[in-house]
Colleague: 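One structure is given below, represented as structure tokens, and several questions about it will come after.
Hydrogens, waters and symmetry mates are skipped; everything else that's a heavy atom, side chains included, is used. Order of appearance sets the numbers: ligands from 1, and atoms from 1 within every ligand.
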Amino acid sequence: MGKKRKRQTAENGNLTRFHEAVAKGNGSTAVELLESLHSERKVTPTQLTSALSALGRESKDDSKLSWKGALSLADKAVEMVNGGRSVLGEPGFTALVKITALAGIEENDSSYADKVRALISEMRQRKITIKKRTYASLVSILCGLKLTEQVKNVITEASNDKVELDEESYSCIVAYLTDNETEESVWEVLDKFRHQNRTVSEQMAESGSALDRFFSKHGTETMVVKRIRKDGTCPHCQIKLDSVDLTKEQIDQMISQVEDYFFVSEEQKLALQGLATWLKDLDSNLDCVIDGANVGFFMQRPDLGGVLSFAQIQLAVDACRANDFKHVVVFLHEKRAIGPEVDKLRESCRVYLTPRRMNDDWFWLYAALLPLRQGSKAFVLSNDQMRDHVFRSLTESAFLRWRERHLIEYSISKVNKFRLQIPSVYSRDVQKSRSNERFWHFPIREGENESSSTSWLCCAAPLK
Ligand SMILES: [Zn+2]
């Protein structure tokens, strides 16, 4: 075996061990191995990021390493790479933020909070997307070190970075303020939580959770109820739940996001203008928008040669009329709207043809949002849950709230009976009672799916 070959084998061995250490979350070993890789050749930004993430994940139960020790290892690793921190992306920075925050909590030293902030502002300067998880570490050090004023400001700070805090961060803030601050400060946090979140996890609804402790401390025992009555009444406290719609700001934000994100080219902007003018010229606001392609292709399998069924679209229009919708518009792609069938459809409702080479979803979404600005309600009829990347570019909390209140799903039976599933009279959404602002209800989700469960956490006293 030649010298060169031998060296390569040793390098490969180190590299393999490095990847193993990373996979096991053994950060200190990973950094050690990074050093030997460093002496052999350049360490790559990806390897640096992996080592930092492993350090951040390193379990302190079976590690002799302190977080302060982990932080100095992290700094050492960063120095091994040309350019240092400048090669890092979000995962690397977030790992550094996490390690710094944990070291600060361990050392009980508030200067680490400044270090965390310095890292976050470096992310801002480098135009790196700051994430919920980045902020989660900031929240944990602020609460851990009892930096009360900063805890109170962190939600606003995150919003300025367009970050909505995760539930764990909210929970941490509520727990901290419950123990250390006025009741008022927690109500303010809950109000912010309610605008960004529509449900709570099972952990957050458990007895002993931050929520439970706050309400109990101020005289309201919390209670899990399995189901809300059809008319929206909570069986425990008898309070009637509301239909929670978007705020004016959320409506404006969603509309401008649709305008800015979807209609980019000159041609697209012109098409949008065309739609806006068309909507303005209608004698009244539309109240139901039908996603023509979704209804027309329902059960048709276009991939197997199925064709758009105008009969199904007609059934949908009739079902909307039967449910008292007066201003129904079907959106259809221009390429599908040829022949006498469109003319026939036009006899019973309005039809808007969307231009070629553009996604018809953008158009019906815009048409359904615009009436909200004038305070009138417009629904979309579609079985599309809008999980598409297109919709993911919209602010999640507002989009999900809109979808829950405005999306009508449907089914078609074997005998062509068209059934609408109109949203219930109350929202499955965090609710503050109008009659008593200290009484709240939180829908509980199971796992990730928002609508997987029917249970609620009732934080209200039963009527006597
Ligand atoms: Zn209740």
Colleague: Give every protein N, O or S atom lying under 2.8 Å from the Zn ion (ligand 1), naming each by residue and atom.
Modeller: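 Protein N, O or S atoms closer than 2.8 Å to the Zn ion (ligand 1): Cys234 SG, Cys237 SG, His441 NE2, Cys458 SG.
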
Colleague: Ignoring hydrogens and geometry beyond distance, is a side-chain donor-acceptor pair present between Asp212 and Thr222 at under 3.5 Å?
Modeller: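 The answer is yes; a qualifying pair exists.
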
Colleague: Does the cation-pi check pass for Arg194 over Trp440, that is, NZ or CZ under 6.0 Å from the six-membered ring centre and within 45° of its axis?
Modeller: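 Pair Arg194/Trp440 counts as cation-pi.
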
Colleague: Name the atoms and distances for all side-chain donor-acceptor pairs under 3.5 Å in residues 415-426, with sequence neighbours left out.
Modeller:
residue	atom	partner	partner atom	Å
Ser424	OG	Tyr426	O	2.7

Colleague: For the pair Thr354 (side chain) and Asp360 (backbone), establish whether a donor and an acceptor sit closer than 3.5 Å, ignoring hydrogens and angles.
Modeller: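 Flag not set: sc Thr354 to bb Asp360 has no pair under 3.5 Å.
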
Colleague: Kindly say whether Glu181 contributes a backbone atom to a donor-acceptor pair with the side chain of Ser185 at under 3.5 angstrom?
Modeller: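 Such a contact is absent between Ser185 side chain and Glu181 backbone.
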
Colleague: With rounding to the nearest 0.5 Å, note down the distance linking OG1 in Thr94 to NZ in Lys132.
Modeller: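 Separation between the atoms: 13.5 Å.
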
